Amino acid sequence: MNEGRMLRVARSVDGRLRQSYFSLIGIPKRQQREVRKQALALDEKWERDQLKARDKRVRAAAAPRNHSTGVRGINLIYRPSPAFRVQVQVDGFSYVREFSVNELGVEKAWRAAARYLSECRGYKRTPRAWTASIPKVPKRRPKRRR
């Protein structure tokens, strides 16, 4: 319709559409290159915002299951003794590791599991919300509902 005379930059961040239009109508080629660079820079900035918002959602999400610890990716399992299982997929690779509560103790096993999860996801440090919320580990396996 506009024969390539308009550029549109659009990204959805936190469920809101951000978009901006750049006109190439009536300007020389040299200035058109500058406008294209501005559009690419804006797209890269919005892409960083988009990734930041996604990481924030992933960190805040919780799995509402019986063996949930409140942190998505770390579950409390019993085989036969209790352990924290870290299970996460990053860039097509699956990471699974278990930290025994009997061997390490509840606090040390929890911190190790949280540290491993943050390393797998590529975080610079383990979020405080994770390390501060040590889940309670019952002595016995909870009975299953039928």
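Remember, it's a predicted structure, so these values are computed and weren't measured experimentally. Heads up: numbering here begins at 1 and tracks the sequence. Both backbone and side-chain heavy atoms feed into the values below; hydrogens, waters and symmetry mates do not.
Counting all heavy atoms, side chain and backbone alike, A39 lies closest to V9 at O-CG2, 3.6 Å. Scanning both residues, P82 and L76, for their nearest heavy atoms gives CB-CD1, 4.3 Å. Across all non-hydrogen atoms, the minimal contact from V88 to R121 is CG2-NE, 3.8 Å. Listed here is the closest heavy atom pair of A10 and L17: CB-CD1, 4.2 Å. Y116 approaches V86 most closely through the heavy-atom pair CD2-CG1, 3.6 Å.
Within the 3.5 Å criterion, the main-chain N or O of W130 finds a donor-acceptor partner in the side chain of W110.
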Run the numbers on I77 and F84 for side chain to side chain contact (heavy atoms under 4.5 Å, CB included), then give the verdict.
-> CA-CA 6 Å; I77 61 166; F84 293 112; over 6 Å; no
Given side chain to side chain contact (heavy atoms under 4.5 Å, CB included), test L24 with R36 step by step and report yes or no.
-> CA-CA 9 Å; L24 302 176; R36 282 191 173 93; 3.6 Å; yes
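Among residues at least two apart or in separate chains, side chain to side chain donor-acceptor pair (under 3.5 Å) pairs with a member in residues 86-102 are R85-E98. Under the side chain to side chain donor-acceptor pair (under 3.5 Å) criterion, the residue pairs touching residues 9-20 are R8-Q19, R11-D43, R11-Q50, R18-D49, with sequence neighbours excluded.
Using a 4.0 Å cut-off between a side-chain N of Lys or Arg and a carboxylate O of Asp or Glu, E107 and R111 qualify as a salt bridge.
The CG atom of L117 sits 9.5 Å away from the CZ atom of F99 when rounded to the nearest 0.5 Å. Expressed to the nearest 0.5 Å, how far NZ of K124 lies from OG of S118 amounts to 13.5 Å. The distance from the CG atom of L7 to the OH atom of Y21 is 11.5 Å, given to the nearest 0.5 Å. For the atom pair R72 CZ and R57 CZ, the distance stands at 10.0 Å (nearest 0.5 Å). Here CD of Q32 is found 5.0 Å from NZ of K29. Values are rounded to the nearest 0.5 Å.
By the criterion of side-chain heavy atoms lying less than 4.5 angstrom apart, applied directly or through intervening Ile, Leu, Val, Met, Phe, Trp or Tyr residues, L40 is not grouped with L51; the two fall into different hydrophobic clusters. Note on V96: it does not cluster hydrophobically with V101, by side-chain heavy-atom contacts below 4.5 Å among ILVMFWY residues.
Between E119 and R115, the closest side-chain pair of non-hydrogen atoms falls below 4.5 Å.
Annotation: side-chain contact (heavy atoms from CB on, under 4.5 Å) contacts of E44 (sequence neighbours excluded): R48.
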